[in-house]
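Structure, as C-alpha cells:
Throughout, protein chains are lettered first and strands after them, A, B, ... in sequence-line order, and every chain is numbered starting at 1.
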2 protein chains.
Amino acid sequence: MTYNAPMTRKRFDQMDCSVACALNEVGDWWSLLVVKQAMLGTRRYVDFQNRLGIAKNILCDRLSRLVENGVMVRVDVGEHGKRYEYRLTDKGRDLFTVITALRQWSERWNGEKDSMKLVDRQTGAPLAPVTVQNQQGHSLTVRDVRFVDDNGNPLEETG
Amino acid sequence: MTYNAPMTRKRFDQMDCSVACALNEVGDWWSLLVVKQAMLGTRRYVDFQNRLGIAKNILCDRLSRLVENGVMVRVDVGEHGKRYEYRLTDKGRDLFTVITALRQWSERWNGEKDSMKLVDRQTGAPLAPVTVQNQQGHSLTVRDVRFVDDNGNPLEETG
DNA sequence: CATAACGGTTGCAAAACGAAACCAAATAAG
DNA sequence: CTTATTTGGTTTCGTTTTGCAACCGTTATG
C-alpha cells in the first residue's frame, strides 16, 4: 500500500443519519456538559472552566464549535469589548430533553451521582421520566416501534 | 514545572454528575451509533462494521466497553465457540429515549438526514416529539424547571 | 499606577483514532 | 478430506485530539 488517505477524524456529516448528524455537533466528551452547565446558569468563560475542570484550549474549541453550530451565541458584554457571555440559543435550550433523558438513564442504571434534583418550578414536584410516546401519550419501548422508509415499508435490517 | 501529571483522558467518573457519568459510558463518537445500529437489528461484528464504516479496532474497543458497562452482552452463537452476537441489554434498550430525542433534535434543527421514520408498531402513526414532562403530562422547557439540592433549596449557580 | 482578572493562544507530551496488514479458528465449497 | 473464505479479532504505524502549563494583550480593580 503506497497511498494513505488523509487521516481526518471520521465525521458523521455524510452518513445520512440524523443521529450521526446530532452526534457530529454535540457528540464529543465535553459539548453536552458545556450545554448542561449553561442550563444551570453559567455564562462566562472562566466559570465554565472552573465548574467543569476543562482545559482552556478545549473549552475554547468547544465553545467556538457550539457557536458555529448555532447551539450557543457569544454576546459582547464589555463596555469597550473584550468581555463576553456565552448563552444558549433556542436550539441549545432544546437539548434539555436529550440531557434530561441522559441524566435519568444514568440515575436509573448507575445510581444518583449528584444531589441535584430537577423539579417543576410551579409545583416543586419532581419530573416524570422522559419517554418516547405515541400521539395518544402512551409510552413506547424500542420494541413498540417500527423503522420504516418514506413509503412506509419496513427497513430490512437483518445485518 | 518539573512534574507532569499522568496524561489520561479526562474521565467523568468522579465528577459527581449523572450526565457526566452517562457520557462516560456512551459519550464518545461511536458508542451511541453502535447502540442505535443494534436497535435496528444488527447483532454481528462484521455487520456493525459494514453498516457503520467503523475501523475494526475501534469497533472492538467500543463493543468491549459497552459490554463492560452492561449496555450490551456478547452471546456465543457458534456451535463450538468463536461465533458471537452482540445484543442490547435492558440498560441498552433503555437508551431508546436518549437516541430518539437526539434524532428528533437533529431533525428539528438540521433537517432530516435520512429517509428513516419511526412509527408506532400498532397503528403505523408517527411518534410524538420526546419532551420533558411533569407528572401531569405537561411538557416543560428548561425555563419551567428548577434545579434544587436534596433539601429542596435552589442551587445558586451564578457562575 | 500596579495588580489582578478575563479570554484567549502556543508548545509539548500523552492518548485516542483510522487504515491496513496480519492471524487463528470456524465454516463453506469443491 | 482439502482448500478457500468468513469471522472476530490484534498489531503496526502514522495522524489527530486532548491535557497541562506557560504566555500574552486587554480590561477592570485597588
Side-chain angles (χ1 to χ4, degrees), chain A residues 1-15 23-24 27-31 33-34 42-68 72-87 158-159, chain B residues 1-15 20 23-24 26-31 33-34 42-68 72-87 158-159:
Chain A
M1 188 59 177
T2 62
Y3 172 71
N4 266 335
M7 298 281 180
T8 59
R9 142 158 298 165
K10 185 85 109 192
R11 279 283 146 79
F12 302 132
D13 299 80
Q14 318 234 6
M15 274 184 79
L23 291 174
N24 200 41
D28 68 303
W29 290 94
W30 285 110
S31 294
L33 281 184
V34 171
T42 302
R43 299 182 167 189
R44 301 295 291 271
Y45 183 92
V46 283
D47 294 326
F48 282 109
Q49 209 214 318
N50 294 331
R51 301 251 172 201
L52 294 174
I54 182 177
K56 296 178 79 174
N57 50 352
I58 304 298
L59 175 59
C60 213
D61 179 70
R62 291 306 177 274
L63 286 172
S64 301
R65 297 210 312 117
L66 289 170
V67 169
E68 261 180 49
M72 304 188 79
V73 278
R74 189 170 87 152
V75 180
D76 194 327
V77 295
E79 303 305 308
H80 320 79
K82 219 65 193 311
R83 271 324 185 257
Y84 306 111
E85 281 187 3
Y86 291 87
R87 300 185 193 162
T158 59
Chain B
M1 185 61 177
T2 61
Y3 173 69
N4 266 334
M7 298 281 179
T8 59
R9 147 161 292 168
K10 187 85 113 191
R11 279 283 147 78
F12 302 133
D13 299 78
Q14 318 233 8
M15 274 183 75
L23 291 173
N24 202 39
V26 294
D28 67 304
W29 291 95
W30 283 112
S31 293
L33 280 184
V34 171
T42 302
R43 298 181 167 191
R44 301 295 291 271
Y45 183 93
V46 283
D47 293 325
F48 282 109
Q49 209 215 317
N50 294 331
R51 299 253 173 200
L52 294 174
I54 182 176
K56 297 177 79 175
N57 49 353
I58 305 298
L59 174 61
C60 215
D61 179 71
R62 292 304 175 274
L63 287 172
S64 301
R65 295 208 315 117
L66 289 170
V67 168
E68 260 180 52
M72 304 188 80
V73 278
R74 189 170 88 151
V75 180
D76 195 328
V77 296
E79 303 304 309
H80 320 75
K82 219 60 193 311
R83 275 307 189 269
Y84 305 112
E85 281 188 4
Y86 290 88
R87 302 186 193 161
T158 58

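Of the possible donor and acceptor atoms, one in the side chain of Tyr45(A) sits under 3.5 Å from a partner among the backbone N and O of Lys56(A). Side-chain atoms of Asn24(B) do not come within 3.5 Å of backbone N or O of Ala20(B) as any donor-acceptor pair.
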Using a cutoff of under 3.5 Å, can you pull out all pairs of nitrogen or oxygen atoms linking the protein to nucleotides 6-10 of chain D, with atom names and distances?
unit_1 : atom_1 : unit_2   : atom_2 : d
dG8(D) : OP1    : Arg44(B) : NE     : 3.1
dG8(D) : OP1    : Arg44(B) : NH2    : 3.2
dG8(D) : OP1    : Tyr84(B) : N      : 3.3
dG8(D) : OP1    : Tyr84(B) : O      : 3.1
dG8(D) : OP2    : Val46(B) : N      : 3.4
dG9(D) : OP1    : Arg74(B) : NH1    : 2.8
dG9(D) : OP2    : Arg74(B) : NH1    : 3.4
dG9(D) : OP2    : Tyr86(B) : OH     : 2.2
dG9(D) : N7     : Lys56(B) : NZ     : 2.9
dG9(D) : O6     : Lys56(B) : NZ     : 2.7

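At whole-Å resolution of the value, CD1 in Ile54(B) and C1' in dA16(C) are 13 Å apart. One can place CH2 of Trp29(A) at 8 Å from P of dC17(C), the figure rounded to the nearest angstrom. Atom CD in Gln49(A) sits about 12 Å away from atom P in dG19(D), given to the nearest Å. In this structure, Trp30(B) atom CH2 and dG18(C) atom C1' are separated by 10 Å, rounded to whole Å. Following rounding to the nearest Å, Leu52(A) (CG) and dG7(C) (C1') show an atom-to-atom distance of 16 Å. At whole-Å resolution of the value, CD1 in Ile58(A) and C1' in dA14(C) are 13 Å apart. Remark: P of dC17(C) and CG of Asp61(B) are 7 Å apart, rounded to the nearest angstrom. Rounded to whole Å, the distance from CZ on Arg65(B) to C1' on dA15(C) is 13 Å.
In summary, of the residues considered (Arg43(B), Arg74(B), Arg44(B)), a side chain to side chain contact (heavy atoms under 4.5 Å, CB included) with Tyr84(B) occurs for Arg74(B) alone.
Residues passing the salt bridge (Lys or Arg N to Asp or Glu O under 4.0 Å) test with Arg87(A), sequence neighbours excluded: Glu85(A).
Here Cys60(A) contributes atom SG and Arg65(A) contributes atom CZ; the two are 13.0 Å apart, rounded to the nearest 0.5 Å.
In the model, Ser64(A) has no side-chain atom that pairs as donor or acceptor with a side-chain atom of Asp61(A) under 3.5 Å.
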